[in-house]
Amino acid sequence: MRHSSMSGLVFWTIFLLTASTQAYYDGPFYDSTAYTECRAEPEKPLYNGGILKDKEPSVSGTDTLRSVGTRYTPAYILHNLTQNTIYCFSIWVKIEEGGAASARVRARLRTENATLSCVGSVSAKNGCWSFLKGGFLAHSPSQLSILFFETSNDEGKIQIDVASASLQPFTQEQWRKNQDYLINTARKRAVTIHVAGENGESVQGAAVRVEQISKDFPIGSAISKTILRNIPYQEWFVKRFDATVFENELKWYATEPDRGRLNYTLADEMMNFVRAKRIIARGHNIFWEDPKYTPDWVRNLTGEDLRSAVSGRIRSLMTRYRGEFVHWDVSNEMLHFDFYESRLGENASYGFFEAAREIDSLATLFLNDFNVVETCIDERSTVDEYIARVRELQRYGDGGVRMDGVGLEGHFTVPNAALMRANLDKLATLELPIWLTEIDISSTLDHHTQAIYLEQVLREGFSHPSVNGIMLWTALHPNGCYQMCLTDDNFRNLPAGDTVDKKLLEWKTGELKATTDDHGSFSFFGFLGEYEVGIIYQGKTVNSSFSLSRDPETKHVRLQI
């Protein structure tokens, strides 16, 4: 399956007209093409190969082998990598027939100064070609580097073939301009407001005021019980966010610590706050596959007792909050843990989705997991494993699961923009909504560095056309936050909070004031969402509203005064 970014003259025109940087761009365009199914033959290389055009690997088939540690592997010798340059990499991979049925193949980069353990990975199949896509940032210049491939489970016994390799460099400025292009095409739309008189004549010189009142792309943050009755916290939060998720208060161990002793007090109070402030909320989570966070009494159940408890959990939680949460993380961290799957069968999650859908047919149902876009070192949560799991659930049973969404936690240390974007490209082939559900930056970094990396992650998420929303994992507690806080205890922004405020302002159409031209019109490009418009002309006033949804055509709003 292939996924490609939106393109075309009209979109590029929008970019030229609305980009805040210089209008002319002659650099490379990012190629979002991705393939997630094994093919009999490899496709042509992206970017026509880039700087690897016509280059053969140092090892291929039975050619002279190059040793990397104790393994022998295909490799590309790279010369003169440039500091602070983003390199996008892709290649087709096949493991030799007669060996293992499948293997995870990881691309690694070794320079004079460092080794990057994973810059891309793929679950390669025996006898057909699989598409590996990734990349890296060159933190320092390198005269001589080696890009090589290995499997993690074969001790060098599996032979890897490669084809159609591509390596395309982007300067930081080029990368940002590609992001701006995608933001201006995927997140904005052209609008023309037409003002006419009673007889249909164009009205020149009418005063026009336009204001965006809600956004199509939610950016929110987690909250916890600490926000209850904390007026300064509530005011700080509501000023910024239109979406939220409860950090722990809906989890099974919180709502039913002992069998039959249900306690929704905190969750109810938090829902009352959310409802009063007209904030949308994600439901997190129905089931967590990690036994560490499964109630003690549930861990001791088996067979029908466990099935009965699971059924009661779904029925109690979702009946109580039917229609309140726009999303539910039905199964959390399934790629890493298997508490319910191991006890109720490998397709137990199918039943979870089916039961949840039956109670709340309007909620969007998600899988949710970590280390899918943050890294490719974690072999339990590769992008291919996630895609395979979604497709497996969609195929199971007579009709399969109506899978609604892909949740990506996003707990980053040092973001790899090229890898993050490559994995989002592959996930986009599922043609499902993608949300970044728990974004933060590791507390091992100082506040200033957290803010720099957070800005990178937010821009990657917001500029990818297949991402539908972002949640920050920044609920404030007396002792801080899970990893990253946006504010101190006195609600003074930390650097990460300043970054969020800047992005929220940048990605919303500010108040616009203008007068209609000699055609009775006023045109602008606005971020998707809901708008109010007011017209004043010769003492008369007209107020109206309109919506901007994703569409390449100009939105025409016609008003009579």
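Residues N285 and E333 have side chains that never bring a donor and an acceptor to within less than 3.5 angstrom of each other. In summary, the side chains of E289 and H336 do not present any donor paired with an acceptor at a separation below 3.5 Å, with no hydrogens or angles considered. Y321 and D268 share a side-chain donor-acceptor pair at under 3.5 Å. D425 and Y30 share a side-chain donor-acceptor pair at under 3.5 Å.
The line from CG of L528 to CD of Q212 is 8.5 Å long, rounded to the nearest 0.5 Å. Distance check: E256 CD to W297 CH2 gives 4.0 Å after rounding to the nearest 0.5 Å. Between L81 atom CG and Y87 atom OH the span is 4.5 Å, to the nearest 0.5 Å. Expressed to the nearest 0.5 Å, how far CE of M484 lies from CG of L445 amounts to 11.0 Å.
Relative orientation of the F462 and W507 rings is parallel, given thresholds of 30° and 60° on the angle between their planes. Using a 30° and 60° split on the angle between ring planes, W288 and Y253 fall in the tilted class, from 30° to 60°.
Nearest heavy-atom pair, P57 versus V162, reported as atom, atom and distance to 0.1 Å: CG-CG2, 3.8 Å. Nearest heavy-atom pair, L424 versus L408, reported as atom, atom and distance to 0.1 Å: CD2-CD1, 3.7 Å.
Sorted by first and then second residue, the pairs that involve residues 231-254 and meet salt bridge (Lys or Arg N to Asp or Glu O under 4.0 Å), not counting sequence neighbours, are R240-D501.
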Could you give me the CA-CA distance, side-chain angles and deciding distance for F287 and F339, then say whether side-chain contact (heavy atoms from CB on, under 4.5 Å) is met? CA-CA 10 Å; F287 295 110; F339 175 81; over 6 Å; no
Side chain to side chain donor-acceptor pair (under 3.5 Å) between D384 and T382, worked out: CA-CA 5 Å; D384 294 282; T382 66; 4.9 Å; no
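Legend: residues meeting ring pair (Phe, Tyr, Trp, His ring centres under 6.0 Å) with H327, ordered by chain and number and at least two apart, are F366, W435.
For F136 and F89, the gap between ring centers reaches or exceeds 6.0 Å. In summary, the aromatic rings of F246 and F325 are positioned with their centroids under 6.0 Å apart.
Counting non-hydrogen atoms of other residues, nucleotides and ligands closer than 6.0 Å to CD of E346 gives a total of 12 or fewer. For NE2 of H448, the number of neighbouring non-hydrogen atoms (other residues, nucleotides, ligands) closer than 6.0 Å is 12 at most.
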Which atom pairs, one a donor and one an acceptor, fall under 3.5 Å between side chains of residues 112-120 and the rest of the protein, sequence neighbours left out?
residue : atom : partner : partner atom : Å
E112    : OE1  : S142    : OG           : 2.4
E112    : OE2  : Q143    : N            : 2.9
E112    : OE2  : L144    : N            : 3.1
N113    : ND2  : S140    : OG           : 3.4

